[in-house]
Amino acid sequence: MRHPEIDTWNGKARDPDLSVLDMEKWPGRTTLRAIMGWNGIKVWDKTVDAVALLAAYLEKTKDESCGQCTPCRLGTVQMAGLAKGLTQGRGKTEDLTRLKFLAVQISRTARCDIGRTLARPVLDLMESFSKDFEAAARGTKRVEEGQAYTSLVTAPCVAACPSHVDVPFYLENIRMDRWSEAMDKVREDCPMPGTIGRVCVRPCETRCRRGNLDEALAIKGLKRFLADREMEGKLTPKPLAPPKRPERVAIVGAGPAGLSCAYYLGRQGIKTTIFEAQEGPGGMAAYGIPSYRLPRSVIAHEAAGVEALGAVIRYNTRVGRDITLEDLAGQGYKAVFVGAGAPGPTRMNCKGEDQGYENFMPGVDFLARAARGEKPLNGDRVAVVGGGNVAMDCVRTARRLGFTDVNLIYRRTEAEMPADALEIKEAREEGVNFHMLMAPIEVQADADGKVSGLKCLRMELGEPDKSGRRRPVPIEGSEFVIACDAVIPAIGQACAVDQFLPQAVVSEWNTLVADKTTGQTQVPHIFGGGDCATGPDILIRALAAGKYGAKSIVRYLDTGDCTPGPEDLMEALTGNPALFETDPPLPYPGVTRREEASVLAPETRIQSFDEVEAGLSPAQARQEANRCLRCYRILVAAL
Amino acid sequence: MPILSINHNSLEFQPGMTILEVARKNNIHIPTLCHLAGCTPTGQCRICVVEVGGTDELLPACETPAGEGMKIMTHSPGVHEARKTIIEMLVASGAHNCLVMQSPADSWNSDQKGIMEQPWHGGLCPAYGDCRLQDLAVEYDVHVKEDHLAWEGHPLDDATPIIVRDFSRCILCGRCVQACNDVQVNLAITPPWGRRADHPEGWYPAADYEACTHCGECVQACPVGALFDRKSFGKALANEMDHIRTTCPYCGVGCQLLLHVKDGKILKVTGVEDGSPNKGRLCVKGRFGFDFIYSEERLTSPLIKENGEFRKASWDEALDLVAQKFTTIIQESGPDALAGVSCARSINEDSYQMQKLFRAVFKTNNIDHCART
Ligand SMILES: Cc1cc2nc3c(=O)[nH]c(=O)nc-3n(C[C@H](O)[C@H](O)[C@H](O)COP(=O)(O)OP(=O)(O)OC[C@H]3O[C@@H](n4cnc5c(N)ncnc54)[C@H](O)[C@@H]3O)c2cc1C
Ligand code: SF4
Ligand code: SF4
């Protein structure tokens with residue numbers, strides 16, 4: 001990796017690992033000559049025209065200023081004008097003093113971080129290139145023509161979101177009761193806001209800066225608030241009328257990744273056909289996630305939104321069985337996006353699991369059949385193996401299907417459980433028994449081949465393993481049997497894209513091998529992403545894969561090539577949390593509480609699959625949105 | 001109770017109070033422009049910034065929670081410089097002709113003449129002498145060269161009969177936005193803020209007259225001379241008017257009015273900010289419906305119609321005539337041939353008397369109130 005020639009980022013206190021900046025390896029072969037942003041400057045090429053870079057940075061900052069506070073609204077106009085004057089040889093020496101003065105004043109007094117983060121890069125740049133600035137002020141500096149710039153506006157929450165939803169924008173618009181504008185913005189990066197607003201694992205909230213003060217913003221809940229208003233027909237979205245394009249694109253799978261790709265291609269006027277093996281849309285969001293967390297009507301609404309943009313979904317059509325990739329090429333589809341998910345079961349490696357016993361069923365199959373209204377397993381007592389969200393969905397679904405004795409078996413302790421803390425709490429409230437530090441060794445059955453119990457071993461925690469969690473080790477001679485009528489392993493899913501894809505794009509784990517940034521595979525017209533490429537993952541990453549896949553497909557259709565551009569490099573760069581780490585603590589106490597939606601009582605909710613959580617009210621939403629600190633960060637780069 | 005210090009004085013405060021609230025409770029003056037009592041602070045104008053120990057940033061007193069042990073300085077040199085910079089920017093951002101009028105007319109340059117020639121700028125600003133920005137400019141000794149004023153290109157909305165919105169004087173404090181949406185909840189002024197790149201036309205808080213009820217809450221909230229009452233424009237300076245508190249006569253709510261009076265004539269009405277029941281709020285009638293009292297067409301004595309023509313009469317004569325006609329009607333057609341409608345502008349006691357008159361004296365239940373008819 002090249003080292004910057006000048007580097008003031010983080011005040012040099014600590015050089016964040018910007019390995020993504022290993023620009024020689026970047027597929028776009030874009031290189032950045034210098035960046036300036038909230039935490040300083042990094043200059044790889046000292047011949048960069050710093051005066052012009054400053055002008056570009058201030059022009060961008062001026063454009064991002066939101067008009068609310070005086071210093072940023074009026075001060076950035078003054079600064080941008082002065083910097084432009086310098087580049088045009090109209091500068092005066094006192095302009096340099098004034099620029100520095102305004103930079104400090106705006107940073108000290110502005111309302112949000114657009115203005116507050118301005119002094120550091122401006123002062124660092126003006127100091128590091130003081131000779132150039134003095135020459136420009138005297139009118140003796142050679143002005144470089146044609147230097148190109150790229151810029152990016154982000155925030156800790158935005159950077160943490162795999163799809164980079166502009167969180168502060170929509171929060172602020174909710175605060176101002178401008179719901180339609182808020183939703184238009186959300187939909188630029190998230191095609192399933194009702195789904196994500198309910199079940200996202202919310203990486204944004206864990207990085208929300210307000211969390212350092214009192215409690216993180218309810219970013220997820222506020223997205224759902226908008227989605228609820230949209231379903232009520234209360235929003236007036238800005239009409240999308242892209243010019244129609246002749247190309248057609250085929251998509252494998254109407255799960256989140258496939259729907260997202262179709263949605264964003266539709267926004268570009270490109271027609272798509274989605275081939276879906278099952279009888280309805282949504283993939284794991286519909287046939288995995290139970291409806292008490294995500295009502296089916298929400299998925300139907302969101303899939304309809306994709307169809308409204310010109311996508312046709314062909315249900316009950318499995319690619320590889322009912323139609324092949326070659327057939328698709330023959331039918332004139334110019335590109336294929338694969339979003340086939342990770343539907344296969346994984347093995348527990350315990351005796352009896354492949355004996356075909358009655359009442360033994362992998363978690364995803366159990367949930368899919370329950371989602372179709374069946375009661376797939378019989379009896380009163382069930383044992384579910386696993387500690388993730390799928391296991392939580394299984395135990396809570398089992399309660400709703402009438403199992404009275406529901407047991408969760410997990411190898412480590414609750415502290416290591418990957419499941420969401422709220423899910424664990426709610427499962428407990430619903431009467432699920434948790435058995436920690438236990439591993440199954442044998443599924444037992446009676447003479448008729450019906451499950452009769454699960455033999456387990458007790459465990460204790462040993463040394464930490466690769467993932468940093470302490471490894472569970474069995475306690476000799478601690479075997480015992482949990483008597484039960486059904487066993488559900490819920491320990492993960494596997495991919496199976498080898499069933500229809502050429503060998504060249506399939507890894508040894510049966511996942512799709514595609515470029516992380518573009519989604520393109522070795523076969524240029526095949527793209528893909530979501531769980532089929534990553535293994536079981538999270539919804540928003542699948543949606544992001546669909547969005548970026550669509551972007552690359554459009555590039556590919558336009559130019560035959562889909563090399564990522566400078567803006568993709570900037571996005572990859574800001575995905576690095578190290579860039580944000582030096583935010584100083586906020587100098588005042590946190591006194592606000594996060595608004596919480598109401599939930600059904602445990603006794604009521606186990607009676608049915610009705611949605612557990614209600615949405616936020618308009619008053620709550622406004623109150624909650626008002627807590628956002630607008631931690632916007634601007635990064636401008638010279639190319 | 002937790003303690004903080006302001007300007008080296010230790011003060012107790014209730015958790016949850018803002019720095020501004022603590023300061024005001026202790027009679028420490030911190031200037032504000034955008035802060036609107038009773039609304040969630042928006043922190044927009046930044047005039048109330050103060051120094052807080054431990055950070056280089058200046059924090060807005062209006063929305064920063066008070067914290068245990070905070071060391072606050074409300075008037076340090078840094079604070080003074082920051083406020084002065086902000087006031088300079090605000091003064092320079094519009095067509096504030098009070099600055100121009102400080103110098104003699106024959107010395108005006110073309111910019112100054114341009115400002116004076118703008119509509120509603122020929123004379124003194126309607127806020128002159130009662131302008132928060134002007135006060136601050138004086139207090140902080142702000143001077144802006146007239147040729148730095150960004151006076152051109154601001155929209156003007158003077159198409160309606162009551163309120164003029166002259167955005168060339170608007171400082172974008174957002175008080176009218178909150179007054180309309182949060183106080184009156186008429187939702188006529190959509191918050192205009194958002195990225196400059198998305199708002200090439202600027203952020204003027206324009207009113208949507210489909211939703212506007214012309215209550216004038218926005219006018220009362222405007223701290224400068226951007227929003228004003230067309231009828232009182234140019235009639236008097238703020239310091240020339242007496243203020244008389246009274247009760248609004250229009251309906252039974254009893255809102256408290258402040259009459260702005262010069263030479264015995266009402267020129268303007270505002271709500272009494274801390275007076276119950278309205279706490280400063282008024283409707284269109286109470287605020288703007290005052291000039292009828294000077295109408296030439298106003299009746300000053302009873303009139304009796306004879307042969308299709310009205311003639312003046314005394315009260316006695318008129319009331320005798322009414323009594324006589326009522327008696328005849330009751331004798332001929334019975335009491336139910338009469339009906340009474342009491343006026344919303346009469347006080348409760350008068351309305352009570354009115355129904356007594358109809359029920360007990362005339363012996364009819366035909367009595368109602370104009371607000372129901
Ligand atoms: C029980 C469960 C609970 C979960 N809970 C959460 C949660 O709370 N929050 C969260 O963020 N994530 C959650 N996830 C993960 C999330 O659902 C997935 O990451 C996401 O659905 C992946 O989307 P995808 O489009 O890549 O794949 P999928 O959702 O699996 O969709 C793939 C689609 O492709 C179809 N398909 C497959 N092969 C073919 C073929 N050959 N031809 C035609 N169609 C085909 C499938 O039928 C399916 O409809 C959960 C997953 C499960 C299983
Ligand atoms: S406070 Fe707002 S902008 Fe800042 S990280 Fe949280 S949600 Fe994002
Ligand atoms: S007059 Fe009343 S309703 Fe009309 S804009 Fe002003 S505050 Fe809103």
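Keep in mind the model is a prediction, meaning the values are calculated, not measured. Order of the sequence lines fixes the chain letters, A, B, ..., with proteins taken first and strands second; residue numbering starts at 1 for each chain. All values below come from the heavy atoms of this structure, side chains included, with hydrogens, waters and symmetry mates left out.
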*Asks:* Could you tell me whether H29(B) atom NE2 has more than 12 heavy atoms of other residues or ligands within 6.0 Å of it?
*Replies:*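 Yes, enclosed.
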
*Asks:* Between E59(A) and V636(A), is any pair of side-chain heavy atoms under 4.5 Å apart?
*Replies:*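 E59(A) does not reach V636(A) side chain to side chain.
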
*Asks:* Nearest 0.5 Å, please: how far is CD in E88(B) from CD in Q78(A)?
*Replies:* 8.5 Å

*Asks:* Please test Q623(A) against E595(A) for side-chain hydrogen bond (donor to acceptor under 3.5 Å, both in side chains), starting from the C-alpha separation and ending with a verdict.
*Replies:* CA-CA 8 Å; Q623(A) 184 89 14; E595(A) 295 288 326; 4.7 Å; no

*Asks:* With the threshold set at 4.0 Å, does a side-chain nitrogen-carboxylate oxygen contact exist between R175(A) and E172(A)?
*Replies:* yes

*Asks:* Locate the shortest heavy-atom distance separating V177(B) from P205(B); write the atom from each residue and the value.
*Replies:*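 In terms of heavy atoms, the two residues are closest at CG2-CB, 3.9 Å.
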
*Asks:* Can you say whether A150(B) sits under 4.5 Å from chain A via the side chain, the backbone, both, or neither, judging by heavy atoms?
*Replies:*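 Neither part, no heavy atoms under 4.5 Å.
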
*Asks:* Going by distance alone, is a donor N or O of one side chain under 3.5 Å from an acceptor N or O of the other, for Y170(A) and D189(A)?
*Replies:*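 No, because no side-chain N or O of Y170(A) sits under 3.5 Å from a partner of the opposite role on D189(A).
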
*Asks:* Using only heavy-atom distances, determine whether the side chains of T40(B) and R622(A) contain a donor-acceptor pair under 3.5 Å.
*Replies:* no

*Asks:* What part of W193(B) is in contact with chain A, defined as an atom under 4.5 angstrom from a non-hydrogen atom: side chain, backbone, both or neither?
*Replies:* both

*Asks:* What part of T592(A) is in contact with chain B, defined as an atom under 4.5 angstrom from a non-hydrogen atom: side chain, backbone, both or neither?
*Replies:*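 Neither part.
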
*Asks:* Rounded to the nearest 0.5 Å, how far apart are CD1 of I106(A) and CD1 of I114(A)?
*Replies:* 12.0 Å

*Asks:* Which residue out of S107(A), A110(A), G590(A) racks up the most heavy-atom pairs below 4.5 Å with chain B?
*Replies:* A110(A)

*Asks:* For residues L226(A) and W179(A), report the shortest heavy-atom separation together with the two atoms involved.
*Replies:* CD2-O, 3.7 Å

*Asks:* Which residues from residues 50-60 of chain B are near chain A, with near meaning under 4.5 Å between non-hydrogen atoms?
*Replies:* E51(B), V52(B), T55(B), D56(B), E57(B), L58(B), L59(B), P60(B)

*Asks:* Does Y204(B) have any ring-ring contact (aromatic ring centres under 6.0 Å, His included) partners at least two apart in sequence or in another chain, and if so, which?
*Replies:* H154(B), F167(B)

*Asks:* Side chain, backbone, both or neither: which part of Q105(A) has an atom under 4.5 Å from a heavy atom of chain B?
*Replies:* side chain

*Asks:* When only pairs under 4.5 Å are counted, which of R195(B), E63(B), H199(B) shares the most heavy-atom pairs with chain A?
*Replies:*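 Most heavy-atom pairs within the cutoff with chain A belong to R195(B).
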
*Asks:* Shorter than 4.5 Å, heavy atoms on both sides: which option in M70(B), E81(B), E68(B) has the most such pairs with chain A?
*Replies:* E81(B)

*Asks:* Contact part of N173(A) toward chain B, heavy-atom cut-off under 4.5 Å: side chain, backbone, both or neither?
*Replies:*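 For N173(A), there is no contact with chain B at all, as no heavy atom is under 4.5 Å.
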
*Asks:* What part of I47(B) gets within 4.5 angstrom of chain A, counting heavy atoms only: side chain, backbone, both, or neither?
*Replies:*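 Neither; nothing under 4.5 Å.
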
*Asks:* Checking heavy atoms, do the side chain of P192(B), its backbone, both or neither come under 4.5 Å from chain A?
*Replies:*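 Contact with chain A involves the backbone of P192(B) alone.
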
*Asks:* Tell me, for M89(B) versus chain A, whether the close heavy atoms (under 4.5 Å) come from the side chain, the backbone, both or neither.
*Replies:* both

*Asks:* Could you point out which residue of R120(A), R633(A), R630(A) forms a salt bridge (charged side-chain N to carboxylate O under 4.0 Å, His left out) with D113(A)?
*Replies:*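 In the set R120(A), R633(A), R630(A), the residue that makes a salt bridge (charged side-chain N to carboxylate O under 4.0 Å, His left out) with D113(A) is R633(A).
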
*Asks:* Shorter than 4.5 Å, heavy atoms on both sides: which option in G67(B), A197(B), G194(B) has the most such pairs with chain A?
*Replies:*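 Among the listed options, the one with the most contacts to chain A is G194(B).
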
*Asks:* Chain B: which of P585(A), G67(A), C72(A), G75(A) shares the most heavy-atom pairs with it under 4.5 Å?
*Replies:* G67(A)

*Asks:* Tell me, side chain or backbone of R178(A) under 4.5 Å from chain B's heavy atoms, or both, or neither?
*Replies:*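 When you check distances to chain B, only side chain atoms of R178(A) fall under 4.5 Å.
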
*Asks:* For the CG atom of L4(B) and the CZ atom of F13(B), what is their distance to the nearest 0.5 Å?
*Replies:*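 Reported to 0.5 Å precision, the distance equals 4.5 Å.
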
